[in-house]
Amino acid sequence: MLGQSSSLAPAVLIVDDEPLIRMAAADTVADAGVASFEAADGGEALELIEEHPEIALVVTDVEMPGMDGVTLARRACTLRPELGIIVTSARGEVSRPDLPRGGAFLAKPYGTRQLLALIRDKLGLVH
């Protein structure tokens with residue numbers, strides 16, 4: 001499977017328990033020409049990460065029922081160390097030591113341009 005992932009276009013997984021925020025972020029990603037997946041919680045997100053090697057980046061909210069976004073980010077990086085991680089929150093910043101290596105924080109509410117710039121940076125896309 002590792003060989004397959006290099007031939008697939010990178011995709012972004014949006015994880016947020018708020019459907020409107022999740023859909024808006026996924027639409028932003030799609031408008032930029034990048035495939036996206038959506039998950040409402042950490043468990044669903046981990047299943048998608050295991051099933052879809054094309055997922056190269058996870059954008060997750062911190063505050064979710066069950067598994068919080070920081071825990072999800074750590075578990076996702078244990079499964080796939082090469083994953084890019086962006087953690088979002090409206091309740092204050094997540095400190096760098098709490099994020100997986102190379103992870104980024106994006107405060108809510110964020111603008112489309114902010115989100116896209118960070119996604120492009122994490123995926124190594126130039127626009």
Side-chain angles (χ1 to χ4, degrees):
M1 273 230 182
L2 287 177
Q4 288 181 344
S5 64
S6 62
S7 64
L8 297 173
V12 176
L13 173 58
I14 308 293
V15 189
D16 200 304
D17 62 316
E18 293 291 332
L20 293 178
I21 293 172
R22 187 174 66 244
M23 288 186 296
D27 286 347
T28 297
V29 170
D31 289 346
V34 177
S36 67
F37 293 87
E38 297 179 37
D41 60 50
E44 184 181 358
L46 290 174
E47 288 178 19
L48 286 169
I49 290 165
E50 288 180 346
E51 294 170 6
H52 295 278
E54 65 271 31
I55 294 173
L57 176 64
V58 176
V59 179
T60 182
D61 187 27
V62 171
E63 299 285 326
M64 295 186 293
M67 185 185 317
D68 67 84
V70 173
T71 301
L72 167 60
R74 288 184 182 148
R75 289 187 183 174
C77 286
T78 298
L79 287 173
R80 303 242 317 269
E82 76 282 3
L83 278 176
I85 301 290
I86 299 172
V87 175
T88 68
S89 179
R91 299 188 187 254
E93 189 160 348
V94 175
S95 65
R96 181 136 328 262
D98 291 335
L99 295 174
R101 187 176 60 128
F105 176 77
L106 181 61
K108 284 181 172 181
Y110 50 77
T112 301
R113 287 183 183 177
Q114 287 175 294
L115 178 61
L116 280 178
L118 204 46
I119 288 171
R120 287 183 174 130
D121 178 60
K122 291 290 179 190
L123 293 178
L125 303 174
V126 180
H127 281 265

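- Of the possible donor and acceptor atoms, none in the side chain of Lys122 sits under 3.5 Å from a partner among the backbone N and O of Val58.
- The shortest non-hydrogen separation linking Glu51 to Pro53 is O-CD, 3.5 Å.
- Arg91 places no side-chain N or O within 3.5 Å of a backbone atom of Val62 that could act as its donor or acceptor partner.
- For the pair Asp17 and Pro65, the minimum side-chain heavy-atom distance is below 4.5 Å.
- Scanning both residues, Met64 and Asp68, for their nearest heavy atoms gives CE-C, 4.3 Å.
- There is no path of hydrophobic side-chain contacts, each under 4.5 Å, that joins Tyr110 to Leu116.
- The OG atom of Ser36 sits 11.0 Å away from the CZ atom of Arg22 when rounded to the nearest 0.5 Å.
- Within the model, atoms CG of Leu57 and CG of Leu13 stand 8.5 Å from one another, a figure rounded to the nearest 0.5 Å.
- For Phe37 against Ala11, the heavy-atom pair with the smallest separation is CE1-CB, 3.8 Å.
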Determine, stepwise, if the pair Glu18 / Asp61 fulfils side-chain contact (heavy atoms from CB on, under 4.5 Å).
CA-CA 9 Å; Glu18 293 291 332; Asp61 187 27; 5.8 Å; no

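- Closest heavy-atom contact between Leu72 and Gly42: CD1-O, 3.8 Å.
- Note that CD of Glu82 and CD1 of Ile55 are 11.0 Å apart. Values are rounded to the nearest 0.5 Å.
- Taken together through direct or relayed side-chain contacts under 4.5 Å among Ile, Leu, Val, Met, Phe, Trp and Tyr, Ile85 and Leu79 form part of one hydrophobic cluster.
- Here the closest non-hydrogen pair linking Met67 and Gly43 is CE-N, 4.2 Å.
- Side-chain atoms of Ile21 and Lys108, non-hydrogen and from C-beta on, do get closer than 4.5 Å to each other.
- The side-chain heavy atoms of Val12 and Leu123, taken from C-beta on, include a pair separated by under 4.5 Å.
- Partner of Val59 under the side chain to side chain contact (heavy atoms under 4.5 Å, CB included) criterion, chosen from Val15, Thr28, Ile86, Val29: Ile86.
- For the residue pair Val87 and Ala73, the shortest heavy atom distance occurs at CG2-CB, 4.4 Å.
- In this structure, the side chain of Arg75 does not engage the main chain of Leu46 through any donor-acceptor pair within 3.5 Å.
- Ile49 CD1 to Glu44 CD: the interatomic distance, rounded to the nearest 0.5 Å, is 11.0 Å.
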